[in-house]
Amino acid sequence: MARIIVVTSGKGGVGKTTSSAAIGTGLALKGHKTVIVDFDVGLRNLDLIMGVERRVVYDFVNVINGESNLNQTLIKDKRVEGLYILPASQTRDKEALTKEGVQKVLDELSETFDYIICDSPAGIEQGALMALYFADEAIVVTNPEVSSVRDSDRILGILASRSKRAEEGLEPVKEHLLLTRYNPERVERGDMLSVEDVCEILAIKMIGVIPESQAVLRASNVGEPVILDENSDAGQAYLDTIERLMGNEVEYRFLSGEKKGLFKRLFGG
Amino acid sequence: MSDSPIEFKGSAFTLSVLYMKSSDLEAVKQQLAIKIKQAPQFFNMAPLVINVARLNDPAFDFAALKAMLTSLQLIPVGISGASDEQKGPAKAAGFACLSESKTANTVPEQEHTQIRYERVEVPVEVEVPVQKPSQVLRQNLRSGQQFYARDSDLVIIGTVSNGAEVIADGSIHIYGSLRGRAIAGAKGDDSAKIFAQKIEAELVSINGHYWTSEQIDKSFYKSPGCIALDGDKLTLTKLEV
C-alpha cells in the first residue's frame, strides 16, 4: 500500500507544485518508488516544473475515462530512478475528476508505488477536494503572511471534516506544515510572520522551512526540481524536509539571516 | 453542527381581532381610544388583526386605517374577512391577508356599539426550554467551520480560528484562543457569557448585542477574560478571583 500524501494550501502561488516536485523527487532519490499526480486540471504546471512537458501524450483525465492505461500515461523521469509523473489535462476542467475515477486510478497506483504525491490546485473546490479526499497525510504549504495562513487554516478544517478518513471515522489525516518563501531578514524587520507566529496560529507539526531563494525560480524555469540543486539553500531545505518525512530528526537551517561579517557590520551592506 | 442558519416552524398565537362595522375611521378611533383607556397595559403595542367582513366598502382606505391604529400605539399585523377587491389595497398598505379559522369566523351581532372586541383563544404550543448538559468539543475549530450548541452551554478545549464561528444558546467557554466569532445566548438568554483563555476575537455577541474586534478593549488582547451583558451593554472583565 502506498502512502498517499496531498500537497495543498488553499491559496494559490505559495509553492505547492514546486514543493510537490521537490518532495516527490526527494523520495525517489531515497529509493522509494514515487509518482507525482497533477490534480490541477486545466492549469497544469507540474510537467513544466519537472521538465517533461514535451513528453505528455495522455493525461489523468484520459486514464479516468478509460481512454488510456497507466503504462501509456505515466511519464518516467530520466534523472531519478523510480520517479514518475501523472500529468493533468490542460483541455478539461476540474469536474472531470470524479470520486470514483480518482479512486480507481489511486488504487491502481497504490499497487506498485510506495508514495503517491497529489499536487492539489488552489482553492477549495472540486479539484482541491479530490486531491485531498483520499490522502493519508497532508503537507500544507504556507507562506509567512496572513492570507496564506488563513487559507491554510481553512484547508486544515476541510481535511478534518471532508476527507475520506474524516467521513469514515478513521484515524485523521496526518498534517504537516511546510513554510515556504521564508525570508529571515524580513521576519526580523517585522514585515513577515515568523515560524513561531505561524505555528501558534495553525497548531500543527512543522516539517520544513524553505527559504525564499533565487534557486527556486531558476529551477522552475529550467524544469529541474530544486531539490536536485544540492548546493542551493532551498534544495538543502527540501532534503531536510524529506528526512523529517521519513521520521528522522533534523535540525532546522536557514531560520536566521546571514551572519554579517565585521566589515559589513561596520560599513553597512 | 447546524446545516442551515434558519428554520421554519408552524406556530399558533393568540391575537386580538378588531371587528370593524363602519368605515368612518374617526368614529372608530374614538371608540378605540375609550377601550384603550380602560386597559392601557393590554393595548400598548398590542398586535392586532382587523376583520373587515362587515365593511361593504371596496374603496376603503387601508393606509389611513394603518396610520390611525399606529397612532394609538397598536401594531396592525393583518386583516381578515376581506373581499377580493379589498385585498389588493390592503396588501399595498402593508397588511397581511389572513383567513380566520372556522370557529372564530362569526361576526358578532351587536347593534348599539360600532365596534366590538373578542378574545380568540387558540391553543398555543409553547416550547419549554430544557437545559441540556454542556457540549464539550475537544478540537480546534478552523476557518470556515461552525458549531452550534442548541439549548446548552458550549465548552471548547482548543482554539477557535479566525473565520470560524461558535454559537450556543447558553454560555461559551473556550480553553484556548478565541480568534473567530463567538455568539452566546443565541435564543435570547441575557445571562449567557463568553469566557476565553486568550481573547483575539473577530466578534463576540450575547443575545444580539455584539462587539467587533475594534470595540474590544485592546488591553485584553491575548489575555483571559469574560464577556457578559449588563443591561444592554456588553462588559469585559478579567478572569481573576
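Here the structure is a predicted model, which is why all the values come from computation and not from measurement.
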Counting a contact as any heavy-atom pair under 4.5 Å apart, which residues of residues 217-238 of chain B contact chain A?
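Answer by number: B/K222.
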
Applying a heavy-atom distance below 4.5 Å, give me the residues of residues 194-204 of chain B that approach chain A, sorted by number.
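Expected list: B/K198, B/E202.
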
State, to 0.1 Å, how close [X] and [Y] come at their nearest heavy-atom pair, and which atoms those are.
X      : Y      : result
A/D153 : B/N162 : OD2-O, 4.1 Å
B/Q145 : A/G157 : NE2-O, 3.2 Å
A/A203 : B/N140 : CB-ND2, 4.1 Å

Is the number of heavy atoms from other residues, nucleotides or ligands under 6.0 Å of [X] [atom1] greater than 12?
X      : atom1 : result
A/Y252 : OH    : yes
A/K205 : NZ    : no
A/R253 : CZ    : yes
A/E168 : CD    : yes
B/R181 : CZ    : no
B/Y175 : OH    : no

Using non-hydrogen atoms only, which part of B/T159 is less than 4.5 Å away from chain A: side chain, backbone, both, or neither?
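No part of B/T159 comes within 4.5 Å of chain A.
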
To the nearest 0.5 Å, how far apart are [atom1] in [X] and [atom2] in [Y]?
X      : Y      : atom1 : atom2 : result
A/I204 : B/R142 : CD1   : CZ    : 6.5 Å
B/S143 : A/D151 : OG    : CG    : 7.5 Å
B/S177 : A/I201 : OG    : CD1   : 9.5 Å
A/R150 : B/R179 : CZ    : CZ    : 10.5 Å

